[in-house]
**Q** 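A single structure is presented below for examination.
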Amino acid sequence: VGDATAAAARDLGLQADSAAGDAEALLALILRARPQGRLLHVCGAETRGELVARLQAAGFAAMAQVVYAQHPHPLTAQAVTALRGGAPVLLPVFSPRTAQILAAELDRIAATAPLWIVAISDAAAAPLRDLAARLEVAARPDAATMAAAVARFFATAAQNGAPWVEPGGGNVYRGLE
């Protein structure tokens, strides 16, 4: 798990160690630590990396429990207007699946806006790479690093007098709601 999830689990009295990364980092942590007993991978309906199968192949008693599902929502009218406009639109992307859904939506609506994309990983950036006017991949796959990258984009836009950033924050479009 990541830092925030590990902290939340510890607050509930559970033993949790942060892998501070993705499924590969978590697998490496588990293989290094060689914990005893059964392992439970609490996850969403959509996962990457086949973690449980790889743990089982390495001799661990591991199972997955799906505890949430993410359902796509259509773009709002405001988002479509922004994405069809000429001003840059900043899109923070937190998963490869979201990136795939977003890429399909951008194609469907014939988006024309310059897209400034902040992706949490290379995998999340991949479906959008050819669509981005500017692209930054977070140095670490966590919310704090993503927030810092988004802040840098806004700061750059403000310094360059971008029309979509006003000092009071009035004309900032929100993408997917």
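Just so you know, residue 1 is the first one in the sequence shown, and it goes up from there. Values in this document were obtained by computation on a predicted structure and should not be read as measured data.
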**Q** So which residues get pulled into Y68's cluster when ILVMFWY side chains under 4.5 Å apart are joined, directly or through others?
**A**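 Besides Y68, the hydrophobic cluster comprises L40, V42, M63, V67, listed by chain and residue number.
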
**Q** Which of these, V150, L128, L102, sits in a side chain to side chain contact (heavy atoms under 4.5 Å, CB included) with L91?
**A**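 Only one option passes, and that is L102.
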
**Q** Nearest 0.5 Å, what's the CZ-CZ distance between R38 and F60?
**A**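 Nearest 0.5 Å value for the CZ-CZ distance: 15.0 Å.
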
**Q** Closest approach of P127 and A103, non-hydrogen atoms and distance?
**A**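 So the minimum-distance heavy-atom pair works out to O-CB, 3.7 Å.
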
**Q** For A138 and M146, work out which heavy atoms get closest and say how close.
**A**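 Heavy-atom minimum between the residues: CB-SD, 3.9 Å.
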
**Q** Out of curiosity, Q70 CD to F94 CZ, how far, rounded to the nearest 0.5 Å?
**A**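 Q70 CD to F94 CZ: 11.5 Å, rounded to 0.5 Å.
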
**Q** Write down the atom of I117, the atom of A132, and the distance for their closest heavy-atom approach.
**A**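 Looking at all heavy atoms of both residues, the shortest contact is CD1-CB, 3.7 Å.
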
**Q** What residue pairs, at least two apart or across chains, pass salt bridge (charged side-chain N to carboxylate O under 4.0 Å, His left out) with a residue in residues 45-69?
**A**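 Every pair satisfying salt bridge (charged side-chain N to carboxylate O under 4.0 Å, His left out) with a residue in residues 45-69: E24-R54, E46-R97.
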
**Q** Which pairs with one or both residues in residues 141-157 pass salt bridge (charged side-chain N to carboxylate O under 4.0 Å, His left out), sequence neighbours excluded?
**A**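 Checked against salt bridge (charged side-chain N to carboxylate O under 4.0 Å, His left out) - neighbours excluded - the pairs reaching residues 141-157 are E136-R152, R140-D142.
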
**Q** To check you understand the geometry: which heavy-atom pair defines the closest contact between P72 and I101, and what is its length?
**A**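 Residues P72 and I101, closest heavy atoms: CG-CD1, 3.8 Å.
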
**Q** Hey, could you give me the CG/CG distance between L31 and L55, rounded to the nearest 0.5 Å?
**A**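 Between L31 CG and L55 CG, I get 6.5 Å after rounding to 0.5 Å.
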
**Q** Which residues satisfy the salt bridge (charged side-chain N to carboxylate O under 4.0 Å, His left out) test with R108, sequence neighbours excluded?
**A**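 Expected list: E105.
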
**Q** Would you mind listing every salt bridge (charged side-chain N to carboxylate O under 4.0 Å, His left out) that reaches into residues 71-93, with sequence neighbours excluded?
**A**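 Qualifying pairs: none.
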
**Q** Could you report the tightest heavy-atom contact between A113 and V89, atom names first, then the distance?
**A**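 Taking every non-hydrogen atom into account, CB-CG2, 3.8 Å.
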
**Q** Which distance, rounded to the nearest 0.5 Å, do you find between the CG of L135 and the CH2 of W116?
**A**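 Separation between the atoms: 13.0 Å.
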
**Q** Run the side chain to side chain contact (heavy atoms under 4.5 Å, CB included) test on R129 and D122 for me, step by step, so that the C-alpha distance in whole Å, both residues' side-chain angles and the decisive distance to 0.1 Å come before the verdict.
**A** CA-CA 9 Å; R129 195 169 296 281; D122 285 324; 3.9 Å; yes

**Q** Please report the shortest heavy-atom distance between C43 and A64, naming the atom on each side.
**A**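 Here C43 and A64 meet closest at SG-CB, 4.2 Å.
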
**Q** Determine whether R134 and L115 make a side-chain contact, defined as any pair of heavy atoms from C-beta on separated by less than 4.5 Å.
**A**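 Contact flag for R134/L115 side chains = no.
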
**Q** Name all residues meeting the side chain to side chain contact (heavy atoms under 4.5 Å, CB included) criterion together with A45; count only those two or more places apart in sequence or in a different chain, and write none if there are none.
**A**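 Testing A45 for side chain to side chain contact (heavy atoms under 4.5 Å, CB included), a comparison that skips the adjacent residues, returns V66, A69.
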
**Q** Rounded to the nearest 0.5 Å, how far apart are CG of D17 and CG of L29?
**A**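 D17 atom CG to L29 atom CG measures 6.0 Å (nearest 0.5 Å).
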
